[in-house]
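Structure record follows, encoded as structure tokens.
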Amino acid sequence: MIIQLLRGKLQLTNAGELSCFFIGTGSAFSRVNFQNNLLVIKGQDHVLIDCGTSCPYALSTYGANVGEIRNVLVTHSHADHIGGLEEMAFVGMYSTHRKPRMIITDEYKKILWDASLRGGCERSDHKPDGMMTFDDYFEQVAPELLSTTPRPFYHTKVGAIDLKIFRTVHISDASSAPTHTIDWNHIFYSVGVLIDDRILFTADTRFDKPLLDWLLKDFPGIEWIFHDCQFYESGVHATYEQLKTLDATTKEKMYLCHYGDSFESYTPKKEGFAGFAQRGVYYNFG
């Protein structure tokens, strides 16, 4: 892997290598590193994983804008992951006149529209009756369900980019902890993403060692892990202390992201991690 500092405008294409660029690496409340949204680039193809409240502004600081994004995948419905979607929808409708493609299951499409986007997007002057739907703003790309065990597991491709999508445990009641049987039909909807079978991006999840064990066993080609991290216990994110308990082989390929603004008080490399993920740089994987 080569880490390359952004120089000039953020580019959505490259020579064909797999590259990841963090729009932000901070937690929902970060005032330093924007929010944990990831852009994946390979050749002429790209996909933005999550578009949080600060994402459109963050893109502008890199010389880009949300209207340039052609493909988006949303991992769950917290504002630091979906807060910029309304702007993306309206920019597509009123400015670029182009619908972004959204990788989304039928199940989550209904949740996202009814519980989050509908309030601001349903009414518009673009239809005689003024009533808009999800499909007026976004082109759905429904991933294929590959398996339901050990948890729902989906697959799709964005051009040359291979994406495998797996359910995660982010918010749940005690009976749905990772060590218990999980009712995926009723638990809060959240997913992580495996990119080209090489790069694991957890998005938001509680500490879930069975998840890591499963993916690392079934996909031995995983080279790097970008794992969310929280510095205090809350039950909705993996904590720094919990992640420290992982084996050395896993930690040495793990970058921590979604961290708070007190990150300078921590020394992940001394704990055996690859370090903190950085925003504003390309992680180029060849």
Side-chain angles (χ1 to χ4, degrees), residues 3-26 30 33-75 79-104 109 112-113 116-117 120-121 124 126 132 134-143 156-163 165 193 195-196 199 201 203 226 257 277-285:
I3 300 176
Q4 177 187 356
L5 182 66
L6 173 67
R7 299 188 185 281
K9 182 183 184 298
L10 174 63
Q11 300 298 316
L12 301 183
T13 61
N14 62 26
E17 72 274 14
L18 176 64
S19 182
C20 291
F21 183 94
F22 277 91
I23 307 301
T25 54
S30 177
N33 285 307
F34 299 129
Q35 294 163 336
N36 195 48
N37 302 165
L38 178 66
L39 181 67
V40 182
I41 308 157
K42 189 177 183 183
Q44 298 302 303
D45 304 305
H46 71 268
V47 58
L48 176 64
I49 302 178
D50 290 331
C51 184
T53 306
S54 67
C55 187
Y57 171 72
L59 282 167
S60 72
T61 70
Y62 304 126
N65 72 77
V66 74
E68 297 177 70
I69 301 298
R70 298 300 310 276
N71 306 286
V72 61
L73 188 162
V74 181
T75 65
D80 54 321
H81 299 266
I82 66 163
L85 288 180
E86 183 174 304
E87 182 170 340
M88 179 183 286
F90 286 145
V91 167
M93 176 160 288
Y94 292 103
S95 179
T96 66
H97 308 291
R98 183 177 62 200
K99 294 181 189 178
R101 291 183 289 266
M102 186 181 292
I103 299 160
I104 190 168
K109 174 183 173 182
L112 181 63
W113 177 255
S116 297
L117 295 181
C121 294
S124 171
H126 263 60
M132 308 290 283
F134 177 99
D135 297 308
D136 291 312
Y137 293 104
F138 297 98
E139 177 186 337
Q140 180 188 10
V141 177
T156 193
K157 298 187 87 171
V158 175
I161 304 171
D162 187 271
L163 301 169
I165 303 161
V193 186
I195 304 161
D196 275 2
I199 309 302
F201 178 61
F226 293 97
C257 53
Q278 302 174 64
R279 70 174 180 89
V281 303
Y282 295 100
Y283 291 88
N284 295 323
F285 305 105

Kindly give the heavy-atom pair with the smallest separation between [X] and [Y], and that separation in Å.
X    : Y    : value
V281 : I3   : CG2-CG2, 3.8 Å
A160 : D196 : O-OD1, 3.9 Å
F34  : R279 : CE1-NH1, 3.3 Å
S124 : Y94  : OG-OH, 3.2 Å
Y62  : G280 : OH-N, 3.7 Å
V158 : I103 : CG2-CD1, 3.4 Å

- [ ] Please step through side-chain contact (heavy atoms from CB on, under 4.5 Å) for the pair I195 and F285, ending with a clear verdict.
- [x] CA-CA 11 Å; I195 304 161; F285 305 105; over 6 Å; no
Measuring from [X]:[atom1] to [Y]:[atom2], what's the distance to the nearest 0.5 Å?
X    : Y    : atom1 : atom2 : answer
L48  : F21  : CG    : CZ    : 11.5 Å
C257 : N36  : SG    : CG    : 4.0 Å
N14  : S19  : CG    : OG    : 6.0 Å
L6   : Q11  : CG    : CD    : 8.5 Å
I161 : T156 : CD1   : OG1   : 11.0 Å
L85  : F134 : CG    : CZ    : 8.5 Å

Task: Any V66 side-chain heavy atom under 4.5 Å of C51 side chain - done: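 With C-beta onward as the side chain, the pair touches.
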Open item on the list: Measuring only between side-chain heavy atoms, which start at C-beta, is L12 closer than 4.5 Å to E68?
Closed with: yes
Look at the side chain of [X] and the backbone N and O of [Y], then say whether any donor-acceptor pair between them is shorter than 3.5 Å.
X    : Y    : result
N71  : H46  : yes
R98  : G67  : yes
Q140 : F138 : no
D162 : K157 : no
Q35  : S54  : yes
D50  : T75  : yes
Y283 : Q278 : yes

Quick one: list whatever passes side-chain hydrogen bond (donor to acceptor under 3.5 Å, both in side chains) with [X], sequence neighbours left out.
X   : value
D45 : none
E17 : none
D80 : H258

Open item on the list: I'd like to know whether F226 forms a side-chain contact (heavy atoms from CB on, under 4.5 Å) with T25, so could you lay out the CA-CA distance, the side-chain angles of the two residues, the decisive distance to 0.1 Å, and finally the verdict.
Closed with: CA-CA 10 Å; F226 293 97; T25 54; over 6 Å; no
Open item on the list: Between the side chains of D135 and K109, is the shortest nitrogen-to-carboxylate-oxygen separation below 4.0 Å, so that they form an ion pair?
Closed with: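 Counted as a salt bridge, because a side-chain N and a carboxylate O are separated by less than 4.0 Å.
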Task: N65 and S60: side chain donor to acceptor below 3.5 Å - done: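 There is no such pair between these side chains.
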Task: Residue Y57 excluded, over 12 heavy atoms near OH under 6.0 Å - done: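 Not buried by this count: 12 neighbours or fewer within 6.0 Å.
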Task: Candidate pair L39 and L59, rule side-chain contact (heavy atoms from CB on, under 4.5 Å), full reasoning - done: CA-CA 10 Å; L39 181 67; L59 282 167; 5.6 Å; no
TODO: Show your working on side-chain contact (heavy atoms from CB on, under 4.5 Å) between V74 and I104 and close with a plain yes or no.
DONE: CA-CA 7 Å; V74 181; I104 190 168; 5.8 Å; no
